[in-house]
Amino acid sequence: NAGVTQTPKFRVLKTGQSMTLLCAQDMNHEYMYWYRQDPGMGLRLIHYSVGEGTTAKGEVPDGYNVSRLKKQNFLLGLESAAPSQTSVYFCASSTGGSSYNEQFFGPGTRLTVL
Amino acid sequence: GQSLEQPSEVTAVEGAIVQINCTYQTSGFYGLSWYQQHDGGAPTFLSYNALDGLEETGRFSSFLSRSDSYGYLLLQELQMKDSASYFCAAMDSNYQLIWGAGTKLIIKP
């Protein structure tokens, strides 16, 4: 039982390049989330999904796109990276849909945009 | 807007007790969660309060007062491994977590 895994762990991009971050979970969770965390700050929700084939915008969605083609996978795309997107990206999953909503996090992807 | 306020840093001595406060303002509210994050690591769940009162889990306890929009995390018998950042997070009406900026707990021997 691997929990939540993220690929890659580190990445350096040049401004304007694109990339996709992959998140996978083996807990059969319905809900999945993408967050970003900047130094000295809490997590901010980028996009989330309440089930296979669904996605929704979070607090800071601009510049990102997501897809949830399979229940266990949630992809985060950056079409044209900008230095402001330098951050640590965390994926999380939960059973969702109830007031008790413990989220399980992946190890994070550290992204630098030059 | 939605926001959670918590102190940026708290210092305590090994073996002591420390309390980390959190006040929240959200559109709809289901409950308050607490997460721990070590440097370079991922957040891990500590506790959740949906109702007023104290929840105890080993050395950690969490309290909620819905009427005051306030909660706290209490850590007892502090150990050096408790040095980390602690985040409160409120669940809003969309079942989304709104996070505070985190409290860095520094423990001195």
Side-chain angles (χ1 to χ4, degrees), chain A residues 2-7 9-10 21 23-25 27 29-51 54-61 66 87-111, chain B residues 1-9 20 22-52 55 57 62 64 66 73 84-106:
Chain A
V4 180
T5 58
Q6 293 183 231
T7 308
K9 289 186 170 54
F10 302 92
L21 283 68
C23 175
Q25 52 96 5
M27 296 174 283
H29 284 165
E30 289 293 334
Y31 284 41
M32 296 187 75
Y33 313 82
W34 275 108
Y35 291 96
R36 62 177 288 173
Q37 185 177 32
D38 299 309
M41 297 181 66
L43 280 72
R44 291 186 291 168
L45 184 64
I46 304 171
H47 287 280
Y48 65 102
S49 169
V50 300
T54 75
T55 62
K57 294 180 180 180
E59 180 186 356
V60 289
V66 289
S87 188
V88 179
Y89 292 85
F90 287 102
C91 175
S93 70
S94 71
T95 54
S98 71
S99 62
Y100 180 75
N101 194 16
E102 176 183 353
Q103 295 188 8
F104 296 82
F105 285 81
T109 295
R110 283 147 185 80
L111 175 66
Chain B
Q2 304 192 105
S3 65
L4 285 86
E5 298 292 330
Q6 53 181 127
S8 59
E9 188 175 292
I20 300 173
C22 174
T23 58
Y24 61 86
Q25 178 180 359
T26 59
S27 55
F29 176 81
Y30 280 116
L32 191 69
S33 298
W34 289 91
Y35 285 77
Q36 178 191 61
Q37 184 180 34
H38 286 97
D39 284 347
T44 55
F45 175 82
L46 289 176
S47 66
Y48 175 74
N49 294 67
L51 303 175
D52 286 359
E55 294 280 344
T57 308
S62 57
L64 176 66
R66 297 173 73 101
L73 179 69
S85 292
Y86 293 84
F87 293 86
C88 56
M91 182 168 295
D92 70 6
S93 56
N94 294 317
Y95 296 117
Q96 293 181 35
L97 284 180
I98 308 300
W99 295 71
T103 299
K104 184 172 184 177
L105 175 60
I106 298 171

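Hydrogens, waters and symmetry mates are skipped; everything else that's a heavy atom, side chains included, is used. A quick note: this is a predicted structure, and the numbers were derived from the prediction, not measured. Per chain, numbering begins at 1; letters A, B, ... match sequence-line order.
- Judged as a salt bridge (Lys or Arg N to Asp or Glu O under 4.0 Å), and not counting sequence neighbours, B:E5 has no contacts.
- Interface residue A:Q37: only side-chain heavy atoms are found under 4.5 Å from chain B.
- Checked against salt bridge (Lys or Arg N to Asp or Glu O under 4.0 Å), B:R66 has no partners two or more places apart in sequence or in another chain.
- Interface remark: A:R110 contributes side-chain atoms only to the contact with chain B (heavy atom separation under 4.5 Å).
- Looking at A:F104, there are no atoms closer than 4.5 Å to chain B (heavy atoms on both sides), in backbone or side chain.
- Under the 30°/60° scheme for interplanar angles, the aromatic rings of B:Y35 and B:W99 are found to be tilted.
- Interface remark: A:L45 contributes side-chain atoms only to the contact with chain B (heavy atom separation under 4.5 Å).
- Residues B:Q6 and B:Y86 share a closest heavy-atom pair of NE2-O, 2.8 Å.
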